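All values reported here derive from a predicted model rather than from experimental measurement. Labels below follow one simple rule: chain letters A, B, ... track the order of the sequence lines, proteins then strands, and each chain is numbered from 1. Values below: all heavy atoms of this structure, side chains included; hydrogens, waters and symmetry mates excluded.
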Amino acid sequence: MGNIQSLMEYDFRKIETYWQKRWKEDRVYAVSNESSKPKHYVLDMFPYPSGAGLHVGHPLGYIASDIYSRYKRLKGYNVLHPMGFDSFGLPAEQYALETGQHPAETTKKNIATFKRQLDKIGFCYDWSREVQTSDPRYYKWTQWIFLQLFNSYFCNTQQKARPISDLVKKYETTGSKHFTAEEWKGFSEKEKGDWLMKRRLAFSAYGEVNWCEALGTVLANDEVVNGVSERGGFPVEKRKMRQWFLRITAYADRLLEGLEKVDFSDAMKEMQKNWIGRSEGAEIEFAVGDSQSAVSEVPLKLRVYTTRPDTIFGVDFMVIAPEHELVEQITTTEQKEAIDKYLAYVKSRSDRERQAETKTITGCFTGAYAVNPFDGRAIPIWTAEYVLAGYGTGAIMAVPCGDQRDFLFAKHFGIPITNIIGGHYNGDEANPTKEAVLENSGFLNGLLMKDAIGIAVNKIEEMGIGKRKVNYKMRDAGFSRQRYWGEPFPIIWNDGIAIPLDAEELPLELPHVDKYGPGPEGEGPLANLKEWVYLTTDSFKHTSGAVEHSVDLTPNPSPKERGMKEHPGYMNSTVEEWKKTIAFARQNRKEPTEAEAIMWSELRNRKIKDFKFRRQHPVAGYIPDFICLEKSLIVEIDGEYHNQEEQRKFDQGREAWLLENGFTMIRFSNQEVLGDINSVLITIEYALLQDESRPGTGSHSPLPWRGAGGEVKRETSTMPGYAGSSWYFLRFMDPNNTETFCDRKISDYWNQVDLYVGGTEHAVGHLLYSRMWTKVMFDLGLISFDEPFRKLLNQGMIQGSSRFVYRLKDDINRFVSFGLKEKYDAVDIHVDVNLVDGVELNMEEFRKWKPEFAEAEFILEDGKYICGSEVEKMSKSKYNTVNPDELCNKYGADTFRMYEMFLGPVEQSKPWDTKGIEGVHRFLRKLWRLFFDEVKGKIWTEDKATDAELKILHRTIKKIEEDTERFSFNTAVSSFMICVNDLADLKCHKREVLEKLLILLTPYAPHIAEELWQHLGNTGTVLDSKYPVYDPLLLVESTKEYPVSINGKLRTTINLSLDLDQQQVEGSVLQNEVVQKWLEGKTPKKIIYVKGKMVNVVI
RNA sequence: GCCCAUGUGGCGGAAUUGGUAGACGCAGCAGACUCAAAAUCUGCCGUUCGCAAGGGCGUGAAGGUUCGAUUCCUUUCGUGGGCACCA
């Protein structure tokens, strides 16, 4: 391994390349699912592989988790530390819109770049477990889990998810509060579907979206700025569209309770609690009239939610959300025009704007009044943007003396304010107290507000005008996106009834598209693929006219002994009949013949030239034994009954129909398959490759003519980014399983993620969703734990430190230095931070950077061009990104890893500054010199270590272990530096000390540690060694240099034995010169002595 | 606006339960080695008054609790993150 000459210097490039290759070859990071060691699961939040590649901000958390994983491994754990990619998402689609490159292509490229960059830093990922959410082998299971959500409901009695079939049974036997069992049985399919949809955990309903007419698409809140689209500046308005949702609100209480048993930071728990926003209060109904006196003829009710029913007598007006359906119904003719104008204004405002702007108060009177049920007072009903439709009932009762927002509103519009809290209200601002004694409050007069809350609710319930209610700020999670690059929903709409695909039909692969624009009605791009979307013959004909067929060609049903002979025609089969077909197919799968079983083991999992086969997969009413949809090739295995005359006739009819509809069929007999499977396979392979031009039905499941009668079409939305990332931690445990999302035994073994590392930006999105999914899967008995992440470590963001040059407005080739810019009229321009040393611009490089700067001239200060600087998000567009590759090339991965950690606490955000990396690099070189001398070569010795040397070592072992355990990696790096400095001072080159130090260092700087470990003559990787144990006896001190303060101010120090008692200490302290000087002859009032800490003399 | 985090030398930061503020590193200054450079090593390095000894001030700001506060409490300002279709 190299000659002595090359060993004298720390040649990190050679060392790191060598070991990265060796580790890969030796598969040292492969993790087994079976081990006698205790398990530990360390996970990083899924990266999105952006086109910009990795910048120095990304690896911060990855380095931290890598250090921890290696540390745990040295401590004797079986450590799972995988990495994969959250590869569906909007940026790739956006990029496709701009450049026409397919997201699959760009995503593939980006992932390759990410992996190359990650490997350069020397992470210990088990790449054999890599998963990508956009891989059909992965999203097959995302879709499968979605179907579990779809097929489940939240049982309020048991407070858990249960199969929807249980609910159906209940409806069939006992009905519900809305209908009797008899009524249920009489419902149409559509009615039944609608009722069930109200309970499913994944359900479809109408939801509001930001609609941009000009772009014909739905926009994210981010993409809407000041009511217009960020791209193009087109107007945006709220619009209702059919969407999928996850019923996360059903889990609100359990998500709150679950926080008790996880180790997240208080801040994180706080954010989740606030997001869920549980409040207890009452829902109250008010009668509505259209004038101050008369209640309208049609009895309208206004329902409001309030947490303060005790203030009911202080209600001076009502506010309903502008979207509220009542607005239209109650607005009086006089107010109609004003209201219409106001609604138009509100439509253009985003939710965030509506809440953020409290300075400008807007609102409009509807002309209608509500009636206070207790004193009959008429209360004017207003609508205002500060009340959002999604919260509570979308209506509030306003109590200006107790709520500041209501107060300001009342003042602004001159609504008289009723004071119900006497002296607690001063007329200048509202007072939200619960401690006041109520006045002007009818039956509540004289009560303390907090006592009145319960009494008021009781009365309201008694009167039947309202009820106690727990409310959540959290809304059900929108789960569909009108986008292309995401998981397709395994759902077919048949006359408005959502029909799930069968599990065997998954994955429903995302079809290829060439255009990424929105569909005709603002749907996702998939809506443009007519032949993919429409599944009925009729609708197919309407849209493309491509397929003609006659009802006479209706094929024979499945073999008669399977009981399908009497089955009616498929073309017009009802949903019920179709379900029956599916059931038959499922049954068939469970009972394969011997030949079928053999054939399936050969065809499944893309064993033939990567062609995907399905078995017993219905095509119309016909269920082929095996089918390759991509090639429309059917493989049949015929048993004895095919020799019967009648059956042969059926077969022929069926085959003719299939051929006419573009399918090919090969038939084998049982004997052929059992006798010579190889030649059978060759025949199939030949057929697959033979006709390249065959159009096929695409790789997706065609499911033609499912159901019938009206429009039968696929769901064209796709799932959002968090679908794939809500359960990926489970897939890493068993990434290649084709039978299930994750084998139960394996998920029982790995269990929860022990350490989850990622940014706080995921606090309420991803983390809540994956917690919910985990709970559902737990309820359904799919896994054995109901919280995914046991401990969470938040990683701060590394910000960019941007640099600016200042270009004169009137002379675009002249640039003025930062200190002089005030004297000129100049504009700031981002300059690439890599062209700047600190703040000093490299002018030569700058001229070369862009052609427009080639002729640049500079106005200097002190002969230098000084740049301005600002801390911003690290982003390519701001030219402030720093690429980890370059740093690894220049200083090595070990230096880079340690420097990232040395920057400060992982949890904290900080701007990146490459300066300072030198110091860490110097440390590693200094370490190297403990082993090798420039002239003498190797210099380590086998001598016995002295007490002083052992003390340094053991102090370091203790410190590094403690710091690593509490994720204080920056102080650990400092401790390494101190240790090496101390050992160098003592000229300690003893193997006894150095070898242990290398093990400590392995998690932080794996390459250099491994290299030196091997030089010391060890075989096998240092990762398999045992973590040293520190000996407390070596660290015992007998004396301490005590700080002595007078009145809390440090004046001197005294060296004292550690086992002195208070009296002895007082004696020594009082004799001290400095203390006597400060005492000026007085007697101290008190002497405080904290053993081992300090002494304070109080005068 | 609401929720969360955060603020310490020229810079990144340390001070683990309220107990010696500024560890460690960068930058800077002075020196050694060298023909020179690099590398390495040694010393200084919050601020202010003072020849020195020694003292004053100092953890965003103001107030409080305490023998003692960077640490706890109240108020306030600045910065960063999130606010439901970016991931």
Notebook entry, point to check: Rounded to the nearest Å, what distance is computed from the NZ atom of residue A:Lys926 to the C1' atom of nucleotide B:rU42?
Noted result: 11 Å
Next item on the list: Sort out the partner of B:rC29 for me: Watson-Crick or G-U wobble, both distances under 3.5 Å, none otherwise.
Entry: B:rG43
Margin query: For A:Ser725 and A:Tyr769, which I'm curious about, is there any donor-acceptor pair between the side chains at under 3.5 Å?
Written below: no
Notebook entry, point to check: What is the distance, rounded to the nearest whole Å, between atom CD of A:Glu962 and atom P of B:rU16?
Noted result: 12 Å
Notebook entry, point to check: Side chains of A:Thr249 and A:Asp476: donor-acceptor distance under 3.5 Å anywhere?
Noted result: yes
Next item on the list: Please give the nucleotide sitting opposite B:rC24 as a Watson-Crick or G-U wobble pair, both distances under 3.5 Å, or none.
Entry: B:rG12
Item checked: Between B:rA53 and B:rA5 - C1' atom distance, rounded Å -> 46 Å
Notebook entry, point to check: What is the distance, rounded to the nearest whole Å, between atom CE of A:Met874 and atom P of B:rC86?
Noted result: 23 Å
Sub-3.5 Å pairs of nitrogen or oxygen atoms, protein against nucleotides 76-79 of chain B:
none

Next item on the list: Specify the residue among A:Glu1041 and A:Tyr391 whose closest nucleotide of RNA chain B lies further upstream toward the 5′ end.
Entry: A:Glu1041
Next item on the list: Would you indicate what A:Ser480 reaches in the nucleic acid, counting non-hydrogen atoms under 4.0 angstrom: base, sugar-phosphate, or nothing?
Entry: base
Note to self: Measuring to OP1 and OP2 of B:rA87, would you say a side-chain N or O of A:Arg481 lies under 4.0 angstrom away?
What the structure shows: no
Margin query: Within the 3.5 Å criterion, strictly below it, is a donor on A:Glu523 or A:Thr716 matched to an acceptor on the partner's side chain?
Written below: no
Note to self: Within the 4.0 Å heavy-atom criterion, would you say A:Pro91 contacts the bases, only the backbone, or no part of the nucleic acid?
What the structure shows: sugar-phosphate
Notebook entry, point to check: Considering every strand shown, what is the Watson-Crick or G-U wobble mate of B:rC83 when both distances are under 3.5 Å?
Noted result: B:rG1
Checklist line | Along RNA chain B (nearest heavy atom to each residue), the more 5'-positioned of A:Pro911 and A:Asp963 | finding: A:Pro911
Note to self: How many whole angstroms separate atom NZ of A:Lys1093 from atom C1' of B:rU71?
What the structure shows: 13 Å
Check: Any side-chain N or O of A:Lys1049 less than 4.0 Å from the OP1 or OP2 oxygen of B:rC57?
Finding: yes
Notebook entry, point to check: What is the distance from CG of A:Asn794 to P of B:rG82, rounded to the nearest Å?
Noted result: 13 Å
Notebook entry, point to check: Does any non-hydrogen side-chain atom of A:Trp912 lie less than 4.5 Å from one of A:Leu60?
Noted result: no
Notebook entry, point to check: What integer distance in Å separates A:Leu924:CG from B:rA39:C1'?
Noted result: 16 Å
Checklist line | Base versus backbone protein contacts along nucleotides 21-32 of chain B [heavy-atom cut-off under 4.0 Å; B, S, -] | finding: S-BBSSS-----
Check: Hey, does A:Glu900 reach any base, or is it just sugar-phosphate, or nothing, if we go heavy atoms under 4.0 Å?
Finding: nothing
Next item on the list: Using the C1' atom as the reference point in each nucleotide, state the distance between B:rU71 and B:rU66 in Å, no decimals.
Entry: 13 Å
Margin query: Over all strands shown, is A:Asn1096 touching base, sugar-phosphate only, or nothing at heavy-atom distances under 4.0 angstrom?
Written below: base
Next item on the list: Could you check how far CG of A:Asn210 sits from C1' of B:rC83, rounded to whole Å?
Entry: 14 Å
Protein-nucleic acid N or O pairs under 3.5 Å, nucleotides 2-11 of chain B:
residue, atom, partner, partner atom, Å
B:rC3, O3', A:Asn274, ND2, 3.0
B:rC3, O2', A:Asn274, ND2, 2.8

Next item on the list: Using the C1' atoms only, state how far B:rG10 lies from B:rC35, rounded to an integer number of Å.
Entry: 36 Å
Next item on the list: Considering only atom C1', compute the distance from B:rA36 to B:rG58 and round it to an integer number of Å.
Entry: 45 Å
Check: Are side-chain heavy atoms of A:Met83 and A:Tyr62 found at a separation under 4.5 Å?
Finding: yes
Check: When all nucleic acid strands are considered with a 4.0 Å heavy-atom cut-off, which category describes A:Lys1040: base, sugar-phosphate, or nothing?
Finding: base
Note to self: For B:rG22, does the O4'-C1'-N9-C4 or O4'-C1'-N1-C2 angle fall within 90° of 0, making it syn, or is it anti?
What the structure shows: anti
Checklist line | Among B:rA87, B:rG81, B:rG12, the one nearest A:Leu903 by side-chain distance | finding: B:rG12
Check: Angle class for the A:Phe479/A:Phe489 ring planes (parallel below 30°, perpendicular above 60°, tilted otherwise)?
Finding: perpendicular
Check: Now, which nucleotide makes the Watson-Crick or G-U wobble pair with B:rG68, with each of the two distances under 3.5 Å?
Finding: none
Checklist line | Rounded distance (Å) that lies between atom P of B:rG1 and atom CD of A:Glu385 | finding: 15 Å
Margin query: When you measure from the side-chain N and O atoms of A:Arg925 to the phosphate of B:rU40, is any distance below 4.0 Å, counting only OP1 and OP2?
Written below: yes
Margin query: Once you apply a heavy-atom cut-off of 4.0 Å, does A:Leu219 come out as touching a base, just sugar-phosphate, or nothing?
Written below: sugar-phosphate
Next item on the list: Determine the contact category for A:His766: base if any of its heavy atoms lies under 4.0 Å from a base atom, sugar-phosphate if only primed atoms, P, OP1 or OP2 are that close, otherwise nothing.
Entry: nothing
Notebook entry, point to check: So what does A:Gln94 touch, heavy atoms closer than 4.0 Å: a base, only the sugar-phosphate, or nothing?
Noted result: nothing
